[in-house]
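The next block holds one structure in the form of structure tokens; read it before the comments.
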Amino acid sequence: MPILDCSGDVIIAAATAFGKTEAAFLPICSRLISAEQSGACVLYVSPLKALINDQSDRMERLCESLDIPVHPWHGDISQSRKREFLKQPSGILLITPESLESLFVNRGTSVAGLFSGLLYIVVDELHSFLGTERGQQLQSQLRRLEDAVGRQIPRIALSATLGDMVLAASFLRPPGGDKVHVIESAAPGQGLKLLVRGYRITGLTDRDREEDEEEPVNDGSARAVASDLMKTLRGSKNLVFANSRSQVEKYADLLGRICETERLPNEFWAHHGNLSKEIREDAEAALKDPSRPATAICTSTLELGIDIGTVKSIAQIGTPNSVASLRQRLGRSGRRGEPAILRTYIQESEIDSKSSIEDLLRTELVQTIAMVNLLLARWCESSGTGRLRLSTLIQQVLSVIAQFGGITPRRAWFILSDVFAADQGTFLQVLRTLGTRKVIRQEADGTLLLDEAGERIVGHYSFYSAFTTPEEYRIVAAGKTLGTLPIDRPLQENSALIFAGRRWRVVGIDEQRKVIEVRPSPGGRVPEFNGGRGDVHDRVRQEMRAVLVGKDIPSYLDTMARELLGEARTHFSHYGLEYRNIVPNGSETVVFTWRGDRVNDTLAVWFKHLGQIAQNSGAAVRVFACESDTVAALERMASDPPPEAAVLADCVRNKLSEKYDWLLDEPLMNAEYASRKLDVSGAHEFVETLVKGHQTM
DNA sequence: GACCTGCTGCGGGGTG
């Protein structure tokens, strides 16, 4: 048993509620008991405070008779409880990455002493850290802990089953992770019931319809979808995943009003990240309560591990964001031997003279079919590597300076170089840029110290997180906070608002305190949140093409979905897309790449670099030029040596994205953007193949 | 890049 003999790193991968925690902590506890030193301890890192609360209760029960102290530590834990661990560091410490960061910053000199008896580091929900800023921060923290105690500490990770366990292993123990033991549960084939429902939107749009409540609902609108959800889900426990917070509000409101009209108790709850903790906990309690039916309309908030019991089925409105998240969502239904049930609801618009080729190809539906096929083939996206993550590098540089009260560049590079992809030249350029912005300064002996701006940044508590949160208004009704709305989506006094699945009117806005006061009111309008859509992977677009080329009709499609797929295939062959990729379309030219958004975005920027205007339309790249000019540009791309990614990035405006990007100079910003958004070799490979095929025809 | 996620030390005032 690799955990018990302390011989190395381990990943335990299994579905939720599969006993991963026990599998890790039973051997860990027996090691803790038999450890001879007095300060023997284990560090458990979790992405969620709620999970720390759940787990520390479970561990306390497990450890009660064993005399092992359990210390939960996060922002809601009192100072006095935190002092208990500081006074006598032993047992199990459960902590978030942000609270761990605060230990480095505020108690830098004590870290080595606090963790001198550290036996293991356990990372829960490892999959949620992969390919993220927070994950990069965590990797750096694990490295810094080992640096502080002067030895390697076994790392135990608990994870959902993943597409690529090799990547997960190299995340857990960079660079290669080849010595990590991976223990994967052989998941029992639980069975899956699938349905994809198609809708053809006819007549009025949803916005027109808000005026007319009595409109019949067989018209493919959101109301038609809501009415089907009502019929199918009423009376049981379900999760309905909508792709955005506004969609959650829209469907929660529609379902609530159907219940009202039919004089039924409302069993539908809204759940997303901008709703207050209390409102979300009400919804979670309703799901957990076995005595009554409840369905939550939610975003990815209910994808991760918080305990909500078993639900009967999952519904997905619109094409999923990724196969990986579809798989996570599915894992929420059908435990204890029952099959998982997934129903997907896809709306496509009616075709008229204004329809684009992308509309004609029914890309929402085709993408959904492609993703379901990939899910059934057990494929899913793995998180990207090779990102520079200069923003998180800046955070960690400032944090090690604070930890040691000053550090030489050489020593900082020694600690951080293993976990960041930046080379030494880039690292030094980051230090120089921080110097010119008065964030850090250098002593005559070479030591780096925080300068004025740096002291301000590190001194504020917002420093501990690697990610940013936009400024928000608080929504308050009768003294109770309902949640928040982004500040750059302002509301007018008297305007109507749908929030937390209910209808309100704005009665006051306090600009100073950033509070919006609302009262119940019959009118309503779905609020806007920021953001568009996530990137689609290469493999998904390739599968979409395969779906369009294919002849078989998946058995999980309903009648309308079959009809829509038939139309898509007719148009696909009408445009000859099986044999060509380039379609002239009025004054524009549409280039079908069947590649992911990174390649399409790169091509759009590359066209711009060559003086043409182009745009990624999702399924294709639209070039605002005639066919011959487009082909000429593509031939140039294929024959010239591909440009440096940073040169392409220079053509892009507004590249700021992560927390400390604003501290970078232009060349660093270009390098960061290129590593985040561009795939030049993928784009080049596409044009080469395309042009070669073109010439032989 | 959708959707998420997180947060200290200290001063002021009150109570025992």
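Naming convention: chains lettered A, B, ... in sequence-line order (proteins, then strands); numbering from 1 in each chain. A quick note: this is a predicted structure, and the numbers were derived from the prediction, not measured.
At least one side-chain nitrogen or oxygen of A:S99 sits closer than 4.0 Å to the OP1 or OP2 atom of B:dT8. Using a 4.0 Å cut-off, no side-chain N or O of A:S300 falls inside it from OP1 or OP2 of B:dA2. The shortest distance between the side-chain N/O atoms of A:S462 and the OP1/OP2 oxygens of B:dC7 is not below 4.0 Å. The phosphate of B:dT5 (OP1 or OP2) has no side-chain N or O of A:T132 nearer than 4.0 angstrom. Applying the 4.0 Å criterion to OP1 and OP2 of B:dC3, one finds that A:R329 has every side-chain N and O outside that range. Taking side-chain N and O atoms only, A:R134 has no distance below 4.0 Å to OP1 or OP2 of B:dG6.
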_Is there a salt bridge (charged side-chain N to carboxylate O under 4.0 Å, His left out) between A:K655 and A:E666? Walk through the geometry before answering._
CA-CA 10 Å; A:K655 284 167 283 208; A:E666 199 61 24; 3.2 Å; yes

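Annotation: ring pair (Phe, Tyr, Trp, His ring centres under 6.0 Å) contacts of A:F404 (sequence neighbours excluded): none. Legend: residues meeting ring pair (Phe, Tyr, Trp, His ring centres under 6.0 Å) with A:H609, ordered by chain and number and at least two apart, are absent. When the side chain to side chain donor-acceptor pair (under 3.5 Å) test is applied to A:Q396, the partners found at least two apart in sequence or on another chain are A:E101, A:S140, A:R144. Listed by chain and residue number, nothing satisfies the salt bridge (Lys or Arg N to Asp or Glu O under 4.0 Å) test with A:E278 (two or more places apart in sequence, or in another chain). By the ring pair (Phe, Tyr, Trp, His ring centres under 6.0 Å) test, A:W379 is found to be paired with A:H537, residues two or more places apart in sequence or in another chain being considered. Partners of A:Q367 by side chain to side chain donor-acceptor pair (under 3.5 Å), not counting sequence neighbours: none found. Shown here are the ring pair (Phe, Tyr, Trp, His ring centres under 6.0 Å) partners of A:H271, two or more places apart in sequence or in another chain: there are none.
To the nearest whole angstrom, the two C1' atoms, one in B:dG9 and one in B:dT5, are 23 Å apart.
The distance between atom CG of A:N654 and atom P of B:dG1, rounded to the nearest whole Å, is 10 Å. Atom CD1 in A:I457 sits about 16 Å away from atom C1' in B:dC7, given to the nearest Å. B:dG6 atom P lies 17 Å from atom CG of A:L103, rounded to whole Å. B:dG1 atom C1' lies 15 Å from atom CG of A:D679, rounded to whole Å. We find that CD of A:Q328 is positioned 12 Å from C1' of B:dC4, with the value rounded to whole Å. Remark: P of B:dA2 and CD of A:E303 are 15 Å apart, rounded to the nearest angstrom. In this structure, CG of A:L678 is placed 10 Å from P of B:dG1, rounded to the nearest angstrom. If you take CD of A:E133 and C1' of B:dC3, they are 13 Å apart, rounded to a whole angstrom.
Each of A:G75 and A:T301 lies near DNA chain B, and the nucleotide nearest A:T301 is the one positioned closer to the 5' end. Residue whose closest nucleotide on DNA chain B sits further toward the 5' end, between A:Y461 and A:H271: A:H271.
A:S128 comes within contact range of no nucleotide atom at all, as no heavy-atom separation falls under 4.0 Å. Within the 4.0 angstrom heavy-atom criterion, no nucleotide atom of any strand lies near A:H460. Among the protein residues, A:R83 comes within range of no part of the nucleic acid, since none of its heavy atoms lies under 4.0 Å from any strand.
Under the stacking criterion of a centre-to-centre distance below 5.5 angstrom and an interplanar angle below 30°, A:F467 sits stacked against the six-membered ring of B:dT5.
Atom-to-atom distance recorded for A:C298:SG and A:L239:CG is 5.0 Å, nearest 0.5 angstrom. Here the CD-CZ distance, from A:Q136 to A:F420, works out to 4.5 Å after rounding to the nearest 0.5 Å.
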What protein N or O atoms touch nucleotides 9-12 of chain B N or O atoms at under 3.5 angstrom, if any, and at what distances?
unit_1 : atom_1 : unit_2 : atom_2 : d
B:dG9  : OP1    : A:R107 : NH2    : 3.3

Between the protein and nucleotides 14-16 of chain B, which nitrogen or oxygen pairs are less than 3.5 angstrom apart?
none

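Salt bridge absent: A:R332 and A:E303 never bring a charged side-chain N and a carboxylate O closer than 4.0 Å.
Here the side chain of A:D535 is nearest to one of B:dA2, B:dT5, B:dG1, namely B:dG1. When distances are taken from the side chain of A:E98 to each of B:dG1, B:dC7, B:dT5, the shortest belongs to B:dC7.
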